[in-house]
Amino acid sequence: MTRSSSLIAPQPLASERMPLGVTPDSAACWEVDLSAMRALVDRVAAGGDWTGWVAALLHGARIIDVNARGLELVGSPVARDSMIGQPVASFCPPESWAILAELIVAVASDRPDHAVQSRGINSFMFRNAVLTVWGAPGDARPDIVWVAVDGEMADDRSFWSVRASEQRYRRLIHHLPGALLQVDARPMGAAFYQLRSEGVTDIRAYLDAHPDLVDHACQVVRVTDANGGAAALFGVAGVADLVGPVEYIFALAPDTARRVTTAHFEGRRSVVELMKLKTFDGRVIDAELTVTFPTPPESLDITLLTIEDVTERLRTEAELRQLQADYARASRIVTLGELASSIAHEVNQPLAAIAMNADTSLRWLSREEPNLDKVRQLNARIAESARHASDIVQRIRGMASRHLPEPVPVDFNAVIEQAMLFICHEVEARAIRLSVTLDIGVPRVLGDRVQLQQVIVNLLVNALQAVAPRGFGEGRIALATGKAPDGAVFFTIHDNGPGIAEADLPRIFDGFFTTKPDGMGIGLELCQSIIAAHGGTISASNAAEGGAVFRISIPPVEA
Ligand code: ADP
């Protein structure tokens, strides 16, 4: 720009050009060339305006100079080159266009006086902002006007820097990878206000009686804006396709819509929900929805929704759970294999009783005068033994079954009693002294019965194997349950085997760590992962008097 500046700092000409009432150092001032718009100005001045003249005038009126304050409000002094030669419209907020255009026409058509024209405008740069337009006296420069905005600073930042920053954030949000929707939930605010004034305080009870309120909410609450991530998630071509009632978001999740409505009524700040969502291109996805309601004094028209497609994550988690369940099952089957002779013996007992009682009852029947009372008695015993055998088979099938863990309140003592049934034959056959001290007062834990049983059976089998090769003295295993001072339920198992080598202690819970010739080394690792999944801990140590001690601790269900 070769033209010399007449208005920028130190504003040599500014004060003499500024009319009374415009403070030279606080006013932002532009010199504007109207020559291309002369015909339009004259036509409007003569009363011949038409829709669109305001925009036409301000786009045709060019800025030819600007003072320092004007530059400051636009951004920085380097903005000068990009401002000179530009239409006035580009640097005036649209809400002030009409006033500015009217003032320009009034001044430019009032030749030769070019009387000063001023009007108050709304501006967030200035409090009590005043827009002033004036021209050079006489007919020297008939197509030049000066425009000034003055007032008390409302904000250090200029309109344009605020606008630029807003646009930066808009762009940022638009390009964010996540899906973001802006929602206007105010119509429900009004409906809730009405309900409250009618005395409604319990929205849940109200929704039970008036379920249509949720449908109504899905109609009147509207998406007003969204970003590219949301368009991609919903499978639409552009953001505009998402603008409208929120009902499409909740089409497959009426319960979520109800909970969001409830949260809004109750004045909660946000809601997070996992939900099913149907996209516009026909996919059904698992989504995590976060709704953030505005709280005063924030602008109340913006409720923010973020939606994350978690389909893949949920699928992977389900696969992982399945894999862990399969692994645990494989290990249970290995354990059952190890206990095969014990199990065979256990099943054999009721079967032998059945055979014996059946023989006896046949004998009673083949007498000349059959003793039907005896036969009845024996048959009752046969039935009981058959039930017993069936219970054993059930229990084994339970251990071998494919199953995904389902947490329920579990009596830990009962789990231990059940687990002991698997090894009782071993214990008897090897004359091992098993002492069991169960604290009947222990609280229940939240867990999966089969998995917890698997942990105890694993620890029992390890203890049996540890005491087996003693070759001297009596093998002893002591089990106990109790309640720890922190309220946790604990279980200990102490054997009088050789204990665990100090060097092995840090490794025994590692997968595939074994010191046994035919060991697999997966038992303790599984125990640890099962107990961790129950929110508990398992530890191993050596007792002072010898032998290994394993201790499990699990928080009670009440916690
Ligand atoms: P595995 O029994 O197939 O070896 P585990 O994971 O159950 O697999 O056990 C890992 C290792 O921990 C065992 O090989 C053994 O060295 C040690 N261990 C487990 N329980 C005991 C115990 N009661 N006494 C001594 N060592 C034990």
Side-chain angles (χ1 to χ4, degrees), residues 323-343 399-400 415-416 419-420 422-437 448 450-481 490-534 536-554:
L323 217 67
Q324 281 168 338
D326 288 349
Y327 182 54
R329 175 171 177 249
S331 152
R332 289 199 296 274
I333 290 172
V334 169
T335 309
L336 286 175
E338 284 169 5
L339 296 172
S341 69
S342 219
I343 290 166
M399 277 289 263
V415 168
I416 289 158
M420 283 192 316
F422 283 93
I423 52 113
C424 57
H425 173 70
E426 291 295 294
V427 170
E428 277 164 27
R430 299 208 226 146
I432 288 165
R433 184 136 67 89
L434 181 67
S435 80
V436 183
T437 318
D448 180 80
V450 173
Q451 283 201 333
L452 290 175
Q453 198 169 300
Q454 175 173 10
V455 170
I456 307 300
V457 171
N458 276 349
L459 296 177
L460 281 167
V461 169
N462 277 347
L464 282 172
Q465 289 171 344
V467 299
R470 287 178 59 80
F472 60 93
E474 175 188 55
R476 284 197 307 270
I477 300 174
L479 310 181
T481 58
F490 74 79
F491 163 79
T492 55
I493 173 166
H494 178 192
D495 61 60
N496 68 341
I500 303 158
E502 284 300 319
D504 293 344
L505 264 176
R507 300 190 288 162
I508 54 164
F509 291 104
D510 292 350
F512 304 109
F513 173 79
T514 182
T515 54
K516 300 170 193 166
D518 52 356
M520 292 203 8
I522 59 175
L524 286 182
E525 189 206 14
L526 254 166
C527 290
Q528 191 176 47
S529 74
I530 291 172
I531 296 301
H534 284 74
T537 54
I538 179 168
S539 59
S541 56
N542 288 309
E545 65 274 26
V549 183
F550 285 83
R551 183 186 166 96
I552 290 172
S553 150
I554 301 182

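Both counts, for ligands and for their atoms, begin at 1 and track the order of listing. All values below were derived from every heavy atom in this structure, side-chain atoms included, with hydrogens, water molecules and symmetry-related copies excluded.
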Note: ligand 1 atoms sitting under 4.0 Å from heavy atoms of Gly499 are 25 (C)

Point-to-point distance, once rounded to the nearest 0.5 Å, from OG1 of Thr481 to CZ of Phe491: 8.5 Å

Heavy atoms only: which of Phe550, Phe512, Phe513 is nearest to atom 10 (C) of ligand 1? Phe513

Pair Ile432, Ile477 - check side-chain contact (heavy atoms from CB on, under 4.5 Å), show working. CA-CA 7 Å; Ile432 288 165; Ile477 300 174; 4.1 Å; yes

Could you pull out, from Ser331, Gly521, Ala463, the option with a heavy atom nearest to atom 8 (O) of ligand 1? Gly521

Within a distance under 4.0 Å of any heavy atom of Gly519, pick out the atoms of ligand 1 and give their elements. 3 (O)

Flag the pair Asp504 and Arg507 as a salt bridge only when some basic side-chain nitrogen lies within less than 4.0 angstrom of an acidic carboxylate oxygen. yes

Students should be able to answer this: which protein heavy-atom is nearest to atom 2 (O) of ligand 1, and at what distance? Lys516 NZ, 2.6 Å

Considering heavy atoms of the protein only, find what lies nearest to atom 17 (C) of ligand 1 and give residue, atom and distance to 0.1 Å. Ile508 CG2, 4.0 Å

Enumerate the atoms of ligand 1 whose separation from the nearest heavy atom of Ala548 is less than 4.0 angstrom. 22 (C), 23 (N), 24 (N)

Suppose we screen for ring pair (Phe, Tyr, Trp, His ring centres under 6.0 Å). Which residues come up paired with His425, at least two apart in sequence or across chains? His345

For atom 27 (C) of ligand 1, which of the options Ile500, Asp495, Val461 provides the nearest non-hydrogen atom? Ile500

Test item, Gly497 contacting ligand 1 (heavy atom, 4.0 angstrom): no

Quick one: does Thr514 get an N or O within less than 3.5 Å of an N or O on ligand 1? yes

Checking heavy-atom distances from atom 15 (C) of ligand 1 to each of Asp510, Asn496, Thr515, Leu524, the winner is Thr515

Can Val415 and Ile456 be said to form a side-chain contact (heavy atoms from CB on, under 4.5 Å), step by step? CA-CA 8 Å; Val415 168; Ile456 307 300; 4.2 Å; yes

Taking the six-membered ring of Phe490, is NZ or CZ of Arg551 closer than 6.0 Å to its centre and within 45° of its axis? yes

List every atom of ligand 1 that sits less than 4.0 Å from any heavy atom of Met520, numbering the atoms from 1 in the order shown and giving each element. 3 (O)

Residue set satisfying side-chain hydrogen bond (donor to acceptor under 3.5 Å, both in side chains) with Glu428, at least two apart, ordered chain then number -> none

Identity of the nearest option to atom 7 (O) of ligand 1, non-hydrogen atoms only, from Leu460, Asn462, Leu459: Asn462

Only one of Ile522, Asn462, Val457, Val455 clears side-chain contact (heavy atoms from CB on, under 4.5 Å) with Cys527; which? Val455

Going from CD1 on Ile530 to CD1 on Ile552, what distance comes out if it is rounded to the nearest 0.5 angstrom? 9.5 Å

